[in-house]
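Note sheet for the following structure.
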Amino acid sequence: MNIKDKTIALIDSLKATCQTFGMGNDGNEYKVITQVFLYKFMADKFGHEIKKIKMPCIKTLIDAKDQWEQAYAKLSNKDREKIFAFLPPEVPQLEPEHLIGNLWNKQTRGEFDVIFDETMIDIAQKNISIYYTKTSSETKIPIFEKLTHFVTDDAKRAEFARALVDKLAKFSFEEAFSEHYDFFSDIFEYLIKDYNTAGGGKYAEYYTPKAIAKIMAQLLVGDDSDLHNIECYDPSAGTGTLLMALSHQIGEDRCTIFSQDISQRSNKMLKLNLLLNGLVSSLDHAIQGDTLLEPYHKNHDGKTLKQFDYVVSNPPFKMDFSDSRDIIESKWTKRFWAGVPKIPNKKKESMAIYTCFIQHVVNSIKENGKGAIVIPTGFITAKSGIERKILERIVDEHIVYGVVSMPSNVFANTGTNVSVLFFDKSKKKTDNDKVTLIDASKLGKEYKDANGLKKVRLEDDEIEKIVSTFRKAKAVEDFSVVVTYNEVKEKGYSLSAGQYFDIKIDYVDITEEEFNSQMKADMEELNAMFAESHKLEKEIQKQLASLSLQGAIATKQSK
């Protein structure tokens with residue numbers, strides 16, 4: 001079994017343990033799964049990295065092989081302090097009592113659940129200076145929390161902790177540390193596949209398919225290898241799929257990630273995603289909070305929005321944010337230049353919150369930067385309202401430079417047809433500059449998800465077709481068009497590729513004799529249809545007359 005299959009088997013076994021102890025599909029199951037998984041990953045990473053350090057005491061650990069944890073426990077505090085000084089920043093500082101072998105040896109003690117929870121909390125506290133995220137109010141969120149109290153039966157908690165440690169002790173991440181983005185993105189996707197549904201929070205936690213994230217990253221960044229100190233931002237980060245794809249395209253060591261999302265659940269998963277992808281230094285910039293009401297990332301003046309080299313977003317499309325709507329409008333008038341959706345008398349959940357995120361994304365891009373945002377496809381042909389104002393501005397100011405309309409059902413949690421808008425502020429443009437519009441709605445392979453619902457998955461060659469066509473600004477029949485900004489205005493600001501496709505009429509050359517013969521046949525067919533119609537009409541009239549007569553007789557008899 002390869003390391004990917006082994007890792008998936010570990011995830012399955014942890015989920016099975018949660019189910020055994022009454023937490024299958026429980027709202028807290030994801031906390032247990034993601035944190036226990038991360039604990040094991042970090043503990044194994046710690047062991048992997050300390051063996052690379054060239055110090056005399058390290059030879060003792062290497063010689064001990066599978067017993068290295070016991071050898072580590074015998075080192076002096078001074079030696080362990082020296083080891084900590086040489087560890088890379090993405091590796092936590094762990095004491096002997098933090099390691100899985102130590103927990104294994106304590107399983108027979110009473111209140112093992114307390115020992116397990118206190119170990120997790122101690123790791124979090126001793127590494128709080130690096131391994132934390134925070135809220136928009138500056139409250140630090142530690143990497144781990146107590147887990148066993150999610151088992152409602154007190155008497156079962158110690159047994160639950162033992163079961164978890166038993167699963168962890170039988171697995172090693174050692175083989176995985178030579179793997180990179182593709183491996184960890186697949187594992188992360190599998191890890192959270194049961195938890196990325198709407199619910200448990202104010203925003204719908206949309207999960208962006210990896211194929212869409214890859215397309216967005218490749219089109220924004222391209223193949224530029226000369227990038228340094230790049231800042232990337234997602235104001236509706238969710239679990240971080242878009243940011244991970246973007247950082248991988250740029251190079252994880254050449255960029256810093258900034259994010260914000262209102263969801264506590266997403267924040268925990270984002271934290272895991274950052275750590276799996278070696279982006280520990282970005283943890284401090286992963287903020288939990290309401291981006292529209294309290295945008296955290298600002299300039300040094302503390303008032304104006306910070307701007308970034310690349311901005312990506314897959315925001316919720318519609319939701320009820322009436323509680324904060326008026327405050328957002330009054331506090332951020334200039335920020336939301338096209339307006340904030342009004343509160344409808346009915347169906348408050350239909351408020352088009354995505355229009356606020358489009359404006360926020362445009363505001364957050366540097367003057368030489370780029371951005372991309374997922375939106376409902378209906379936006380690209382908007383005729384009125386806030387949508388129309390945004391459309392006019394991004395066309396008039398030449399901010400939008402491309403649109404890709406995706407296949408239906410390509411997203412896990414919405415049946416809405418979606419498109420991706422691409423923004424570019426990196427160069428001054430003229431009215432003759434081009435906008436690339438792609439209609440990829442006919443692409444994709446159908447499959448059924450775990451719930452039996454039809455979904456669509458983009459294949460690798462289809463991803464390549466979209467990326468290649470867009471980069472080359474190439475017109476392909478019934479797939480893509482390249483138009484000027486003036487042409488877009490003439491079409492009523494429509495960014496729908498389909499509205500620019502040529503209308504084709506198929507025709508065949510035929511002789512006069514063939515034409516007359518075809519007309520005669522068509523006339524005969526029409527006459528036959530009319531005759532049949534008249535015959536049917538007479539039959540209906542006859543039946544109606546009969547029914548009328550029967551009704552009259554019945555009325556007379558009743559008198």
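Throughout, residue positions are numbered sequentially from 1 according to the sequence presented. Not measured: the values here are computed from a predicted model.
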Does [X] [atom1] have over 12 foreign heavy atoms under 6.0 Å away?
{"X": "Q264", "atom1": "CD", "answer": "no"}
{"X": "E459", "atom1": "CD", "answer": "yes"}
{"X": "D153", "atom1": "CG", "answer": "yes"}
{"X": "K298", "atom1": "NZ", "answer": "yes"}
{"X": "K348", "atom1": "NZ", "answer": "no"}
{"X": "K74", "atom1": "NZ", "answer": "no"}
{"X": "K140", "atom1": "NZ", "answer": "yes"}
{"X": "K146", "atom1": "NZ", "answer": "no"}

Side-chain donor/acceptor of D309 to backbone N/O of G369, under 3.5 Å: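 No, D309 side chain to G369 backbone: no donor-acceptor pair under 3.5 Å.
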Under 3.5 Å donor-acceptor, D26 side chain and N28 backbone: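 Between the backbone of N28 and the side chain of D26 there is a qualifying donor-acceptor contact (under 3.5 Å).
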Say you draw a straight line from [atom1] of [X] to [atom2] of [Y]; how long is it, rounded to the nearest 0.5 Å?
{"X": "Y354", "Y": "M319", "atom1": "OH", "atom2": "CE", "result": "15.0 Å"}
{"X": "L270", "Y": "T34", "atom1": "CG", "atom2": "OG1", "result": "12.0 Å"}
{"X": "L243", "Y": "L274", "atom1": "CG", "atom2": "CG", "result": "8.0 Å"}
{"X": "Q249", "Y": "L220", "atom1": "CD", "atom2": "CG", "result": "9.5 Å"}
{"X": "T119", "Y": "K106", "atom1": "OG1", "atom2": "NZ", "result": "6.0 Å"}

Pairs where residues 84-95 contributes a residue and the test salt bridge (Lys or Arg N to Asp or Glu O under 4.0 Å) is met, not counting sequence neighbours: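 Qualifying pairs, neighbours excluded: R80-E95.
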Cationic tip of K40 above F37 ring, under 6.0 Å, 45° of axis: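 Checked: cation-pi criterion not met.
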Within 45° cone and under 6.0 Å: K45 NZ/CZ vs F177 ring: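 Yes, K45 sits over the ring of F177.
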Check this for me, if you would: do [X] and [Y] make a salt bridge, where the nitrogen-to-carboxylate-oxygen distance has to be below 4.0 angstrom?
{"X": "E145", "Y": "K268", "answer": "yes"}
{"X": "E159", "Y": "R162", "answer": "no"}
{"X": "E175", "Y": "K6", "answer": "yes"}
{"X": "D154", "Y": "R157", "answer": "yes"}
{"X": "K193", "Y": "E189", "answer": "no"}

With sequence neighbours excluded, residues passing side chain to side chain donor-acceptor pair (under 3.5 Å) with D166: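 Expected list: K170.
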T241, D186, D182 screened by side chain to side chain donor-acceptor pair (under 3.5 Å) with K210, the one that passes: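 Among the candidates, only D186 passes.
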Do we see a donor-acceptor contact under 3.5 Å between the side chains of [X] and [Y]?
{"X": "S263", "Y": "D261", "answer": "no"}
{"X": "D12", "Y": "Y190", "answer": "yes"}
{"X": "S419", "Y": "T377", "answer": "yes"}
{"X": "N299", "Y": "T304", "answer": "yes"}
{"X": "H98", "Y": "D122", "answer": "yes"}
{"X": "E138", "Y": "Y296", "answer": "yes"}

V91 and I50: CA distance, side-chain angles, deciding distance, side chain to side chain contact (heavy atoms under 4.5 Å, CB included) verdict: CA-CA 9 Å; V91 181; I50 63 174; 6.0 Å; no
Check against side-chain hydrogen bond (donor to acceptor under 3.5 Å, both in side chains), T148 and D117: CA-CA 7 Å; T148 62; D117 282 339; 2.4 Å; yes
Evaluation steps, side chain to side chain contact (heavy atoms under 4.5 Å, CB included), between I358 and E387: CA-CA 10 Å; I358 296 176; E387 292 89 341; over 6 Å; no
Distance flag, aromatic centroids of F173 and F171, threshold under 6.0 Å: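 Yes; F173 has its ring centre under 6.0 Å from that of F171.
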F357 and H360 aromatic ring geometry - parallel, tilted or perpendicular at 30°/60° bounds: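 Perpendicular, since the angle between the ring planes exceeds 60°.
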Parallel, tilted or perpendicular: ring planes of F258 versus F308, cut at 30 and 60 degrees: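 Answer is tilted, since the angle falls between 30° and 60°.
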4.5 Å side-chain heavy-atom contact, [X] and [Y]:
{"X": "V420", "Y": "V374", "value": "yes"}
{"X": "F144", "Y": "N127", "value": "no"}
{"X": "L75", "Y": "P96", "value": "no"}
{"X": "K214", "Y": "L458", "value": "no"}
{"X": "L164", "Y": "V32", "value": "yes"}

Positive for side-chain contact (heavy atoms from CB on, under 4.5 Å) with K370, one of F423, F422, Y310: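 Between K370 and the candidates, side-chain contact (heavy atoms from CB on, under 4.5 Å) is satisfied uniquely by Y310.
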